Amino acid sequence: MVSPILPLQMRGAVVRRRGKALLGPADLDLSEKGLTIVMGPNGAGKTTLLRALHGLERLSEGQISWQLPFAETLLRQAFVFQTPVMMRRSVRDNLAYPLILRGSDKKQARQTATEWAARVGLSHAIDLPAPQLSGGEKQKLALMRALIRSPDIIFLDEPCANLDGRAIREIEAILIEAQANGTRIVMATHDIGQAKRLASDVVFLMRGQVIESGEASAFFAGPQTPQAAALLKGDIVE
């Protein structure tokens, strides 16, 4: 039986850059299941929080505790950036690459990649260089490339920013399916409607600190802080 890497605990986490605190001190708990939406105004620290949880940011203070050694957890998590990073290879080879890195047979990896491309409507572009895709197609490719390894947890930094309605629906469908298949999701978004559609729980940040967190239904029904209430009303929060 494979040991779980979750739940995760963050305690007193601080990220500083050039002497300025971008995050923290922050405490956070992530359970084994669910879809956590991270919200807050611009500059609140959402991206820094995700990067710190994933290990892309070094903590200046505090700690993040997984259930297994960090090196092992890295093999079982993924990160999708707001602007997707495309390898200068075909769509098929972009999808196959993570599997090959894990030791899969190249022929089998490419076959699996072809099947995954079909699931999200990218069969028509399977042999095209990935940088030639549209914005929505690139984001779908980046997401499927992250999910093809069946990670325990995936972090997403506003994956639907600047996408049209159809692309957003397609991305959300992928996320719902991934969660149903057991992948824990932590995602930053500015889109309140999207947060209401997807979230099982919400983390609300202000000035690098977690000022409110809890079940999504309770958060949207009655936020406990004036800043969260203002954001949900569409007011400017800073």
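Bear in mind that the values here come from a model prediction, so they are computed numbers and not experimental data.
Thr183 and Gln179 form no side-chain donor-acceptor contact under 3.5 Å, judged by distance and modelled atom types alone. Under the 3.5 Å distance criterion, with hydrogens and angles disregarded, a donor-acceptor pair is assigned to the side chains of Arg92 and Thr114. A side-chain N or O of Asn94 and one of Arg145 form a donor-acceptor pair less than 3.5 Å apart.
Annotation: Leu101, atom CG; neighbour count of heavy atoms from other residues, nucleotides and ligands within 6.0 Å is above 12.
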Ile192/Leu232 under side-chain contact (heavy atoms from CB on, under 4.5 Å): CA gap, chis, key distance, verdict: CA-CA 7 Å; Ile192 295 172; Leu232 294 181; 4.0 Å; yes
Audit row: Leu22, Thr47, side-chain contact (heavy atoms from CB on, under 4.5 Å) steps and yes/no: CA-CA 10 Å; Leu22 303 181; Thr47 297; over 6 Å; no
side-chain contact (heavy atoms from CB on, under 4.5 Å) evaluation trace for Val80 with Gln139: CA-CA 9 Å; Val80 176; Gln139 198 59 275; 3.4 Å; yes
side-chain contact (heavy atoms from CB on, under 4.5 Å) between Val91 and Leu133, intermediate numbers included: CA-CA 9 Å; Val91 168; Leu133 299 179; 3.8 Å; yes
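Formation of a donor-acceptor pair under 3.5 Å by the Ser104 side chain with backbone atoms of Leu99 is found in this model. Gln9 places no side-chain N or O within 3.5 Å of a backbone atom of Pro7 that could act as its donor or acceptor partner.
Only one option out of Lys106, Arg88, Arg110 pairs with Asp93 in a side chain to side chain donor-acceptor pair (under 3.5 Å); it is Arg110. Exactly one residue among Leu28, Leu30, Asp27 makes a side-chain contact (heavy atoms from CB on, under 4.5 Å) with Met10. That residue is Leu28.
Of the charged side-chain nitrogens involved, none lies within less than 4.0 Å of a carboxylate oxygen, so that Asp201 and Lys33 do not count as a salt-bridged pair. A salt bridge links Glu170 to Lys140: at least one charged side-chain nitrogen sits closer than 4.0 Å to a carboxylate oxygen.
Sorted by first and then second residue, the salt bridge (Lys or Arg N to Asp or Glu O under 4.0 Å) pairs with a member in residues 147-165 read Arg76-Asp152; sequence neighbours excluded. Residue pairs that meet the side-chain hydrogen bond (donor to acceptor under 3.5 Å, both in side chains) test with at least one member in residues 225-238, sequence neighbours left out, are Glu212-Thr225.
Annotation: side chain to side chain donor-acceptor pair (under 3.5 Å) contacts of Asn181 (sequence neighbours excluded): none.
Of all non-hydrogen atoms in Cys160 and Gln194, the two that sit nearest each other are SG-NE2, 3.2 Å.
Note on Leu50: it does not cluster hydrophobically with Leu198, by side-chain heavy-atom contacts below 4.5 Å among ILVMFWY residues.
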